[in-house]
Amino acid sequence: MERTLSIIKPDGVERGLIGEVVQRFEKAGIRIVAMKMRHLTKKEAEAFYAVHKERPFFDSLTTYMSSGPIVVMVLEGENVIQRNRELMGATNPADAAPGTIRKDFALDVEKNTVHGSDAPETAQKEIAFFFSELEICS
Ligand code: CMP
């Protein structure tokens with residue numbers, strides 16, 4: 001059984017897409033085992049996305065990610081990291097497959113509605129960034 005971190009980003013929360021995204025996970029048989037709303041500070045967003053700190057979009061990304069509330073979730077299931085990535089679609093909505101969350105809702109490559117961990121090690125780190133083990137209802 002695998003876990004991954006999912007984030008509904010500020011553009012998704014602001015446009016009332018929490019239920020839509022949650023429904024896609026549940027319909028796919030993915031279990032939500034932890035969930036909360038947070039409004040990150042700029043420093044917290046910088047810490048979360050530290051791996052991207054040399055990228056030209058880092059300042060814009062972390063300003064955006066701290067611009068409004070987000071919903072963070074721990075998803076659990078077989079192969080859930082890859083399955084969540086398939087449900088999300090490509091980072092850039094212009095490249096995302098039809099029927100994916102980003103194709104259907106993302107505004108652009110930055111305001112792309114959802115985040116999902118990309119590998120087991122990052123999933124573990126990203127989950128620990130937001131949740132203690134006691135908060136996860138496995
Ligand atoms: P995410 O999957 O959360 O991982 C890093 C984020 O950086 C990404 O989604 C986008 O929100 C953002 N991002 C990635 N590439 C670009 C880009 N070329 N320009 C602006 N933002 C980007």
Side-chain angles (χ1 to χ4, degrees):
M1 199 59 80
E2 199 172 63
R3 286 178 180 171
T4 193
L5 185 85
S6 168
I7 302 179
I8 305 176
K9 297 185 177 187
D11 69 279
V13 174
E14 191 184 337
R15 290 182 293 144
L17 297 172
I18 298 171
E20 177 72 43
V21 172
V22 164
Q23 193 172 45
R24 288 182 183 220
F25 294 152
E26 291 184 331
K27 279 192 169 157
I30 291 171
R31 292 197 307 128
I32 297 165
V33 293
M35 184 179 212
K36 61 186 163 192
M37 187 173 268
R38 288 285 320 275
H39 188 153
L40 297 180
T41 63
K42 171 91 163 149
K43 284 223 172 331
E44 287 171 333
E46 287 170 356
F48 181 78
Y49 278 116
V51 64
H52 294 305
K53 66 175 182 292
E54 306 303 334
R55 302 283 194 98
F57 56 79
F58 182 68
D59 185 57
S60 175
L61 170 64
T62 53
T63 297
Y64 157 62
M65 286 299 291
S66 55
S67 68
I70 59 171
V71 170
V72 286
M73 290 172 271
V74 179
L75 309 181
E76 195 174 80
E78 295 285 339
N79 198 25
V80 73
I81 296 173
Q82 180 58 26
R83 284 165 65 212
N84 179 42
R85 294 179 70 75
E86 286 166 9
L87 289 175
M88 290 193 298
T91 304
N92 188 340
D95 303 327
T100 60
I101 295 168
R102 285 167 170 164
K103 185 64 168 188
D104 289 348
F105 302 113
L107 299 174
D108 55 43
V109 70
E110 178 179 88
K111 296 175 180 59
N112 60 357
T113 313
V114 281
H115 167 83
S117 312
D118 63 1
E121 311 75 55
T122 34
Q124 201 177 15
K125 275 192 207 154
E126 291 182 357
I127 290 168
F129 186 90
F130 287 105
F131 295 96
S132 73
E133 197 57 37
L134 281 174
E135 292 176 292
I136 302 176
C137 307
S138 197

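This structure is a prediction, so every number in the text was calculated from the model and none was measured.
- Listed by chain and number, the residues in a side-chain contact (heavy atoms from CB on, under 4.5 Å) with Ile32 are Val22, Glu26, Met35, Met73, Leu75 (sequence neighbours excluded).
- For residues 95-109, the set of pairs meeting the side-chain hydrogen bond (donor to acceptor under 3.5 Å, both in side chains) definition, not counting sequence neighbours, comprises Arg24-Asp104.
- Contacts of Arg38 classified as side chain to side chain donor-acceptor pair (under 3.5 Å), with partners at least two apart in sequence or in another chain: Glu44.
- Legend: residues meeting side-chain contact (heavy atoms from CB on, under 4.5 Å) with Glu133, ordered by chain and number and at least two apart, are Arg3, Ile136.
- By the salt bridge (Lys or Arg N to Asp or Glu O under 4.0 Å) test, Asp118 is found to be paired with no residue, residues two or more places apart in sequence or in another chain being considered.
- Here Phe25 pairs with nothing under the ring-ring contact (aromatic ring centres under 6.0 Å, His included) rule; sequence neighbours left out.
- Take Gln82 and apply the side chain to side chain donor-acceptor pair (under 3.5 Å) test, not counting sequence neighbours, and it matches Glu86.
- Here Glu110 pairs with Ser60 under the side chain to side chain donor-acceptor pair (under 3.5 Å) rule; sequence neighbours left out.
- Residues that satisfy the side-chain contact (heavy atoms from CB on, under 4.5 Å) test with Ala128, not counting sequence neighbours, are absent from this structure.
- Residues passing the side chain to side chain donor-acceptor pair (under 3.5 Å) test with Asp59, sequence neighbours excluded: Lys42.
- For Phe129, the ring-ring contact (aromatic ring centres under 6.0 Å, His included) test picks out Phe48, with sequence neighbours left out.
- Residues passing the side-chain contact (heavy atoms from CB on, under 4.5 Å) test with Pro10 are Tyr64, Met65, Ser67, Ile70, sequence neighbours excluded.
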